[in-house]
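A quick note: this is a predicted structure, and the numbers were derived from the prediction, not measured.
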Amino acid sequence: MNLPLKPCFEFLESRHLMSTSPAGFDPPDAARSSGAEPPITVAAQSASAAASFLQPGPGFTGPTAQPPARGSGPGVDAQAIARWDVVPNQTFTGRFDVGVLAFHRAGIDSVAFSVEGGPWTYVGEPTENPRTGVVEYWASLDAARLSDGPVEVRAIAIPTAGIPRVLEPLTLNANAGGTLRSIARYVSPNGSDANGTGDAEKPFKTIGRAAQAIASASPDGTADGGFVYLLPGTHVFDGGSKTVPTKDRWLTITPAPGVDAKYARIVGSENGLSTKWLRVEGVVAQNRPDEVLLPADRSLGQRLWIDNSSLRGAGRLDPGHWYQRPNRYQDTYVTNTYATDSRDGFIDATLQRDVRLGTIGRDAFSKTEVVVHSHVEKMDKSGSSPSFHSDVYQLGKSARKNNNIILYGVTATQDINGQGFFIGNNRTVTDLAVVNSYFDNQNRPDADKKRVFQVSSPAKHLLVQDSTFVGKAVWRDDRGFTADDVVIDSTAFLTADGQTKTPGERPGVAYLSGSAPALSTLPAPDAGPAPRDTAPIPAPPPAPEPEPTPTPEPAPEPAPRPRPDTTPAPRPSPAPTDDPAPPPPTRTRLDIAPVVGVTASGYNERRDDRPANVLDADPTTRWAQEGAGSWIQFDLGQSRSVDSLYVSWFKGDRRAAGYEVLTSRDGDVWTRSADGTSSGQSDGYERIGLEAVQARYVRLVGLGNSRNDWVSVNDVVPLITVPVS
């Protein structure tokens, strides 16, 4: 079965079927060892059962036995490529949809699901999972039908012909009865670890002290399901010297309810938080030079989940990282997150979904086991010493795993100065799928030197399906490439001018239907996938109502005004209890603002430096006008919460440019929202923070530069704050 491109194109004629076992396949009853799960009789169901819930059983009594190969023909000795698209150990109180991504060169017949040893339910077609927005095989759990506590879900991906794959069991936590409590404690940079009590009136000072207090207050002595609430200010990620036990559920660090994430920021430290299950949710974080933002304190097999967050590094050449990889965090999950200005993206991760990266120096998604609906742009290694080996996705010999890897809906466009998909030397790979993806590194002057697709190792069951690669594509026989069940299906390999040029014929490589010419006219995606919400988190304890920040009256003419670092502290309220309480606050994320019009005070007509040039993401074009006070203005179509401008200044690595940013809701009354001077040391984007002002019109006023009074800008990207439902 072939899936059309996504996110550029819609999936058509999909059906979500839950039914009896597929023809020719019985529930696992072969190769059972002592203690293996016995064969299961599948109750007859019809396609109308699509909306039903999985029926729980009395619990699994042993491991699920490996089913034998089925069918015949090409790929019969290849195993299904399949992974959970779920962050484990989440807590749910109602419906929870569990998804599996599954592929095989012969196609997938179905994916079978079972919860707590209940009947196996077969899903015959992938459709959009309402929880993740991903087209995948999915089934629903109902917390009301399960006992409160850990729940085990199992799945088997069954190919049309080939070897089924038994996925590793997935553990979640049902809590319909509310017996799994969530304790919250507050922290503030102005709080006290010695005298604080952890409520909003007397918060602790450090994250570590709050986490320890949650564990101490819990009947089982763990911080399972706890919340560390960040009050306004800049918080250092310092867990202290003590281990905080977590067993089955995530300990979450998040802005306090009612506190906007931009006012409760995180910066890194040398000391991490020592706990097994750590979630950082809804935060705005800044990584300082040569630093690990979220270090793990000890090698405890820790898990880290970065969710719904916005991270900014110390620059594309800075050696800092978001987290230690891979020696301290055993598994890392990143969902619905935007990161920019860092040497690397989120590499060596277990799962990345709805991740967007910008201004990366070296590697974007390399060595990650599953990358879904994720995008990178502005990869630039120039100036690195020694020069970086930059890749959108690289699987080299240092990767933790080299089998059962999935890239699904991955896009890399807009100034990619590096290689695309790269399998390194001396690293045999088995069962790897690249599906519905688009890689293009051909929009730089030296692009002909960059390989967009390269395999340099033996490959067994490599499936490249419904994808497009623009650039040089090669099988590296000189580096050890050999093929066994390598399939290129409905995939285009194009040169920069749109001509078809495949990597070439090789023994063991099959080029299947839906050939390259049919895809050669497809446009490249112009943006990455919009971040999506994840599963609902358990209801945290009640939070204090924040005192609203007054909106200042705009002055008739712009005038300088102080930029506060924090908002007023929330109004005091009773201390939180351990009891279930109202749902968590509305969350927000950053997204690129739609620009419906761009105008300017004028432009350099001799070079045709028009205002629209700043929106084309082309570093060789610009808007320019001579004279301090020249301006360029963006119309966002309606009043929006504008967080920042990312500006690429002409010759920004050699000239410091002075600027002001004016904002207006109606185009008549303007307020100065920012002013300053660019660094003069960057040829990429630099951020101008506006602290989420409400405006329809944003005007960037140039005040000349350190060489002359010209105002010259290559590109501008406005970012807005939008709610996450």
Side-chain angles (χ1 to χ4, degrees), residues 1-4 14 17 21-28 30-31 64-84 100-112 122-126 135-137 155-167 369-370 395 401-408 421 423 427-437 453 455 457-467 469 473 475 481-493 502-516 519:
M1 181 189 61
N2 299 326
L3 302 180
S14 293
L17 303 179
S21 59
F25 178 81
D26 294 319
T64 299
Q66 171 64 50
R70 62 193 304 267
S72 61
V76 69
D77 61 344
Q79 191 171 20
I81 307 164
R83 291 268 189 176
W84 291 106
V100 167
L101 295 166
F103 305 96
H104 190 276
R105 66 156 296 169
I108 294 295
D109 183 288
S110 58
V111 174
Y122 293 81
V123 179
E125 293 286 348
V135 174
E136 57 194 3
Y137 300 86
I156 308 172
I158 306 161
T160 301
I163 303 172
R165 181 177 294 273
V166 178
L167 278 67
E369 295 163 25
V370 183
L395 192 64
K401 294 186 178 180
N402 65 337
N403 66 88
N404 199 27
I405 306 294
I406 295 175
L407 308 184
Y408 180 55
F421 173 78
I423 303 299
R427 184 64 167 169
T428 301
V429 295
T430 305
D431 301 329
L432 192 156
V434 183
V435 180
N436 292 6
S437 295
F453 180 93
V455 182
S457 293
K460 177 178 173 57
H461 195 205
L462 167 61
L463 173 65
V464 183
Q465 179 176 296
D466 296 312
S467 296
F469 297 88
W475 304 117
F481 168 72
T482 58
D484 180 2
D485 262 334
V486 174
V487 174
I488 310 298
D489 187 5
S490 304
T491 289
F493 292 94
T502 68
E505 300 295 332
R506 294 292 190 279
V509 177
Y511 292 89
L512 301 186
S513 61
S515 60
L519 295 180

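- Judged by distance alone, with hydrogens and angles left aside, the side-chain atoms of R165 form no donor-acceptor pair with the main-chain N or O of I158 at under 3.5 Å.
- In this structure, the side chain of T491 engages the main chain of D466 through a donor-acceptor pair within 3.5 Å.
- You'll find the side chain of D485 reaches within 4.5 Å of the side chain of D77, heavy atoms only.
- A distance-only check finds no donor-acceptor pair linking the side chain of Y511 to the backbone of S490 [under 3.5 Å].
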Derivation and outcome, side chain to side chain contact (heavy atoms under 4.5 Å, CB included), residues I406 and L432: CA-CA 6 Å; I406 295 175; L432 192 156; over 6 Å; no
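- At a threshold of 4.5 Å between non-hydrogen side-chain atoms, the residues F469 and V434 count as touching.
- Partners of F421 by ring-ring contact (aromatic ring centres under 6.0 Å, His included), not counting sequence neighbours, listed by chain and number: F453.
- A donor-acceptor contact shorter than 3.5 Å is absent between the side chain of H461 and the backbone of G75.
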V429 and L395: CA distance, side-chain angles, deciding distance, side chain to side chain contact (heavy atoms under 4.5 Å, CB included) verdict: CA-CA 9 Å; V429 295; L395 192 64; 3.5 Å; yes
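- Residues S72 and A161 approach most closely at O-CB, 3.6 Å, considering heavy atoms.
- A157 and L167 get closest at one heavy-atom pair: N-CD1, 4.2 Å.
- Residues I488 and V509 have side chains in contact (heavy-atom distance under 4.5 Å, counting atoms from C-beta outward).
- A 4.5 Å side-chain heavy-atom check between L462 and V455 finds at least one atom pair inside the cut-off.
- Distance check, rounded to the nearest 0.5 Å: CD of E369 to CH2 of W84 gives 15.5 Å.
- The main-chain N or O of V135 is found under 3.5 Å from a side-chain atom of Y408 such that the two form a donor-acceptor pair.
- Heavy-atom minimum distance, I405 versus I81: O-CG2, 3.7 Å.
- Taking CD of Q465 as the start and CG of D489 as the end, the distance is 5.0 Å to the nearest 0.5 Å.
- Of the possible donor and acceptor atoms, one in the side chain of S467 sits under 3.5 Å from a partner among the backbone N and O of N436.
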Dump the intermediate steps for salt bridge (Lys or Arg N to Asp or Glu O under 4.0 Å) on K460 and D431, then the final yes or no. CA-CA 6 Å; K460 177 178 173 57; D431 301 329; over 6 Å; no
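- Taking all atoms of both residues into account, the shortest heavy-atom contact from V486 to W475 is CG1-CH2, 3.9 Å.
- What you find for S457 and T428 is that their closest heavy atoms are CB-N, 4.2 Å.
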Take R83 and N404, measure what side chain to side chain contact (heavy atoms under 4.5 Å, CB included) needs, and give me the verdict at the end. CA-CA 8 Å; R83 291 268 189 176; N404 199 27; 3.4 Å; yes
Could you walk me through whether I156 and T64 pass the side chain to side chain contact (heavy atoms under 4.5 Å, CB included) test, one step at a time? CA-CA 9 Å; I156 308 172; T64 299; 4.0 Å; yes
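- Between the side chain of Q66 and the backbone N or O of P164 there is at least one donor-acceptor pair closer than 3.5 Å.
- For R70 (side chain) and P159 (main-chain N/O), a donor-acceptor pair under 3.5 Å exists by modelled atom type.
- The two residues A155 and V111 come nearest to each other via the heavy atoms CB-CG1, 4.3 Å.
- Atom-to-atom distance recorded for T430:OG1 and Q79:CD is 10.0 Å, nearest 0.5 angstrom.
- Within the model, atoms OH of Y137 and CG of L101 stand 10.0 Å from one another, a figure rounded to the nearest 0.5 Å.
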